[in-house]
Protein chains: 2
Amino acid sequence: MPRPRQALLSRERIVTTALALIDADGLAALSTRRLAAALGVQGPSLYNHFATKDEILDAVADSVTATVDVSAFGRYDWCEALRRWAVSYRAALAAHPNIVPYLAQGPGRRPAALAMADAVYGGLVRAGWPPARATHIGAALRYYVAGSALGSFARGFVEDPALYAAHPHLSQAHRLAGHQRSVDEGAFVLGLDALLHGLAAEYERTVAGLEPATARE
Amino acid sequence: MPRPRQALLSRERIVTTALALIDADGLAALSTRRLAAALGVQGPSLYNHFATKDEILDAVADSVTATVDVSAFGRYDWCEALRRWAVSYRAALAAHPNIVPYLAQGPGRRPAALAMADAVYGGLVRAGWPPARATHIGAALRYYVAGSALGSFARGFVEDPALYAAHPHLSQAHRLAGHQRSVDEGAFVLGLDALLHGLAAEYERTVAGLEPATARE
DNA sequence: ACCTGAACACCGTTCAAGT
DNA sequence: ACCTGAACACCGTTCAAGT
């Protein structure tokens, strides 16, 4: 046969397989050779579809961001929309925690990340938040969500009671690992509610009273 | 001479130099060979002082955490103490952003990180927060601080106006990079104040009214 | 157009050998 | 006790060669 009828690889297949390997073995364990082997080809073949390994990671990160639901910004008031977006955002990241350190560095040039930033910022400005304030709120929520997904708080504590003997208040810390999911979820919801509560108070003080409803063009 | 009078290396010198290299060139650029070269020795020499490269990174991370000031927990009410701790914590991380992705994975077995967790948790419990609540609050604040230091929000946007043409609300996003520090600082303070405001409201609702002042042993 | 083998300049880590 | 040279099994990436 003069040419294979169809290419062995595609960008989509590379991204899907890379994400599966990262989920299974961690970001550090992903090498171009191992990824290629999982796809049934040799390492250099990947370079016919992506210029660098970082470009593959960008595509993986964006495929995760693409699953975040921002539709709440058209349907609910700004505060409830922020809450629903943050919950969806965190769920998307928590499903693939190993890619979060890479993803959390910023949107860069990734289309889904930029579309998300656009929806959030636009939603806040439409609600009457001054543009600079909208930027700060979007950043603060991203800080919180990224931090919450970046490595479980509970899993960060080693399951070794002896380690905590010297710390009077941490005598139960070794149990955290066993309740990882509920601790992380509970902490996330508590902090998110507090954050939104505080923002709502700020909104009442500085936006609702000071501007007529039609002040934004 | 039969033996060098004193060792060329020490754990402290290795950690200091490693942090300087990470600050200058990023975490990915730190290799054992480059670190050794900066110290005037060969790569394998490092293994006389640390068992693995990860152990070096642990020590670097802990040296950063050690600069966080937790003394506010003895001197102020829980809310003001949380605020001062969070500001100090963020300042420590923001001074060395390139190590944050490593550091933010959790305290692990690092002594300074464990001491900090102990001080925060202990301070909250002493103030009357139920233990499970104290855990959640400590986690939520860590999420927020780690996320805020993990990569500048503003720097995450590329300085290329053409990139944002397709996103109606992001037309000014390319300017963010120029205001990096003020955007990130402003967002951090706004979110921190909101978070603490919300927690204070929660405290009034669920702790102050329900327990007599002496309820905690 | 897309995949491959060989090669380059790197990695982290081990270990026998030196002083 | 601590540093070194040589070696091992890996990396990301390039490129001429194949079909």
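Since the model is a prediction, treat every value here as computed from it, not as a measurement. Below, read A as the first sequence line, B as the second, and so on, with proteins coming before strands; counting in each chain starts at 1. Quick note: numbers below take in every heavy atom, side chains included, and nothing from hydrogens, waters or symmetry partners.
A straight line from CG of A:Leu27 to C1' of D:dG12 spans 15 Å, rounded to a whole angstrom. As a whole-Å value, the separation of B:Arg13 CZ from D:dC3 C1' is 13 Å. If you measure from atom OH of B:Tyr47 to atom P of C:dC11, you get 12 Å, rounded to the nearest angstrom. Here D:dC11 presents its P atom at 13 Å from CG of A:Leu46, a figure rounded to the nearest Å. The distance from atom CD1 of A:Ile14 to atom P of D:dG12 is 14 Å, rounded to the nearest whole Å. The nearest whole Å value for the distance from the CG atom in B:Leu21 to the C1' atom in C:dC11 is 16 Å. With rounding to whole Å, A:Glu55 atom CD is found 10 Å from D:dT13 atom P. Computed from coordinates, the A:Asn48 CG to D:dT14 C1' distance equals 12 Å when rounded to whole Å.
B:Tyr164 places a side-chain N or O within donor-acceptor distance of the main-chain N or O of B:Val158, the cut-off being under 3.5 Å. A distance-only check finds a donor-acceptor pair linking the side chain of A:Arg13 to the backbone of A:Leu8 [under 3.5 Å].
When each of C:dC3, C:dC15, D:dC2 is scored by its nearest atom to the side-chain atoms of B:Pro44, the top-ranked nucleotide is C:dC15. With D:dT4, D:dC11, C:dC3 as the candidates, the nucleotide lying closest to the side chain of A:Leu8 is C:dC3. Taking only side-chain atoms of A:Lys53, from C-beta outward, the nucleotide of D:dG12, C:dC15, D:dC2 with the closest atom is D:dG12. Proximity note for A:Arg33 (side chain, C-beta onward) versus C:dA7, D:dC2, C:dC11: the nearest is C:dA7. Considering only side-chain atoms of B:Ser45, the nucleotide from C:dG12, D:dC3, D:dG12 that sits closest is D:dC3. Candidate nucleotides C:dT4, C:dC11, C:dT13 were compared by shortest atom distance to the side chain of A:Gln42, and C:dT4 ranks first. Distances from the side chain of B:Ser31 to the nucleotides D:dC11, C:dC2, C:dG12 place C:dG12 closest.
A salt bridge links B:Arg90 to B:Glu185: one of the charged nitrogens lies within less than 4.0 Å of a carboxylate oxygen.
The partner of D:dT19 is C:dA1, by the rule that a Watson-Crick or G-U pair needs both atom distances under 3.5 Å. Pairing partner, C:dA7: D:dT13, with both Watson-Crick or wobble hydrogen-bond distances short of 3.5 Å.
Geometrically, B:Arg84 engages B:Tyr76 in a cation-pi contact defined by less than 6.0 Å to the ring centre and at most 45° from the axis.
Among the heavy atoms of the strands lying under 4.0 Å from A:Leu30 are primed sugar atoms or P, OP1, OP2 only; no base atom is included.
Phosphate proximity of C:dA1 to A:His49: absent, as no side-chain N or O sits under 4.0 Å from OP1 or OP2.
Ring-plane geometry between B:Tyr89 and B:Trp85 is classed as parallel, the angle between the planes falling under 30 degrees on a 0 to 90 degree scale with a further cut at 60.
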